[in-house]
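I have placed the structure first, in the form of structure tokens, so that the comments after it can refer back to it.
Because the structure is a prediction, the values reported are computed rather than measured. Letters A, B, ... mirror the listed sequences (proteins, then strands); counts begin at 1.
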Number of protein chains: 2
Amino acid sequence: MPRIPKISESEWEIMKVIWRSNPITAEQIALQLPADIEWSDQTVRTFINRLLKKNAIGFEKSGRSYHYYPLVSEQECVRAESQSFLKRVFGGAADLMVTNFLEEAQLSDKEIERLQRILTEKQENKDRRPKM
Amino acid sequence: MPRIPKISESEWEIMKVIWRSNPITAEQIALQLPADIEWSDQTVRTFINRLLKKNAIGFEKSGRSYHYYPLVSEQECVRAESQSFLKRVFGGAADLMVTNFLEEAQLSDKEIERLQRILTEKQENKDRRPKM
DNA sequence: ATTTTATATTTACACTCGTAATATTAATGG
DNA sequence: CCATTAATATTACGAGTGTAAATATAAAAT
């Protein structure tokens with residue numbers, strides 16, 4: 001039982017909805033999925049159940065319906081998924097990956113500036129903070 | 001039959017070896033896998049066969065053994081995999097992803113400088129080149 | 001209390017993946 | 001040419017996924 005369960009592609013869609021607003025009913029989840037996703041109600045419930053089984057989400061009963069909420073944070077999941085992706089595709093080298101993205105992506109001037117600001121801040125923070 | 005086939009985690013390991021040096025025999029592929037991977041010979045050949053079936057690689061006979069070579073470039077595969085990852089985890093927002101990485105990753109001063117240089121170059125190139 | 005109905009649980013089924021064992025084919029040694 | 005061997009190809013099998021239908025259960029309405 002790894003802390004962070006493996007979440008499949010379809011399950012990610014469900015999780016994103018639940019992270020955005022919770023607790024939430026199955027019906028609302030189905031409604032709030034991106035428009036280009038066309039799953040039957042049953043399919044949505046199947047994914048919800050699998051997420052329950054994986055302990056990625058929990059629920060509280062309220063009258064007739066269940067209200068689901070996350071048991072793992074988006075942060076954790078993004079981190080885990082990123083690690084896995086990094087390892088698979090770039091052999092774990094984060095800088096290689098960022099480089100690749102910067103080179104391939106179409107970035108607007110605004111975005112470039114924003115990223116540069118983040119980098120600069122990171123540099124300054126590093127100076128100021130004692131290494132630990 | 002999508003141009004770029006879906007390559008599984010294990011298959012990526014095989015592909016990385018083949019991209020690095022090819023044409024290459026199954027035996028050599030097995031030998032050149034990272035040390036922490038311990039697959040039986042048969043397992044390696046299973047993955048090779050699946051990659052053949054997916055048209056990710058091809059081969060030429062030479063006497064007793066086959067020599068395998070890639071039919072899809074690393075570039076293409078990295079791009080496809082990145083797209084898929086981006087879509088799944090960040091809803092397709094590349095800048096969001098880069099931001100996240102920059103914020104989470106432990107970057108050395110050297111790396112930060114290198115990334116900044118890349119960003120600066122990108123900015124300049126954009127100016128110089130006519131938009132297309 | 002019984003029927004309806006909304007909701008959740010169980011079951012289904014074909015495909016991919018990780019992990020091989022077994023079988024077949026082709027080259028090489030004799 | 002035939003047997004041995006080395007390499008490839010076929011088959012296997014359980015877990016996970018995408019996709020849902022069928023069934024059970026519990027709440028609401030009558």
Subject >> Nearest-0.5 Å distance that lies between atom OG1 in B/Thr120 and atom CD1 in A/Ile112 >> reply: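 These two atoms lie 8.5 Å from each other.
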Nearest-Å distance, [atom1] ([X]) to [atom2] ([N])?
X       : N      : atom1 : atom2 : answer
B/Gln28 : D/dA7  : CD    : C1'   : 15 Å
A/Asp41 : D/dG18 : CG    : P     : 18 Å
A/Glu38 : D/dG18 : CD    : P     : 17 Å
A/Ile48 : D/dA20 : CD1   : P     : 15 Å
B/Ile24 : D/dA7  : CD1   : P     : 14 Å

Original post:
For C/dT19, does either OP1 or OP2 sit under 4.0 Å from a side-chain N or O belonging to B/Trp39?
Top reply: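 Indeed, a polar side-chain atom of B/Trp39 lies that close.
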Original post:
Is any side-chain nitrogen or oxygen of B/Thr43 closer than 4.0 Å to OP1 or OP2 of C/dG18?
Top reply: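 It does not, given that no N or O in the side chain of B/Thr43 lies less than 4.0 Å from OP1 or OP2 of C/dG18.
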Between the side chains of [X] and [Y], does any donor sit under 3.5 Å from an acceptor?
X       : Y       : answer
A/Ser84 : B/Glu9  : no
B/Thr46 : B/Thr43 : no
A/Arg79 : A/Gln75 : yes

Original post:
Got a donor-acceptor contact below 3.5 angstrom from the B/Glu111 side chain to the B/Ser108 backbone?
Top reply: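 Such a contact is found between B/Glu111 side chain and B/Ser108 backbone.
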**OP:** Take A/Ser40 and A/Lys61, find for each the nucleotide of DNA chain D with the closest heavy atom, and name the residue whose nucleotide sits nearer the 5' end.
**Re:**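 The answer here is A/Ser40.
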**OP:** Give a yes or no on whether a salt bridge exists between B/Lys54 and B/Glu11, defined as a side-chain N under 4.0 angstrom from a carboxylate O.
**Re:**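 Salt bridge: yes.
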**OP:** Give the B/S/- string for nucleotides 5-17 of chain C, one per nucleotide from 5' to 3', where a protein heavy atom under 4.0 Å of the base yields B, of only the sugar-phosphate yields S, and otherwise -.
**Re:** --SSBB-B----B
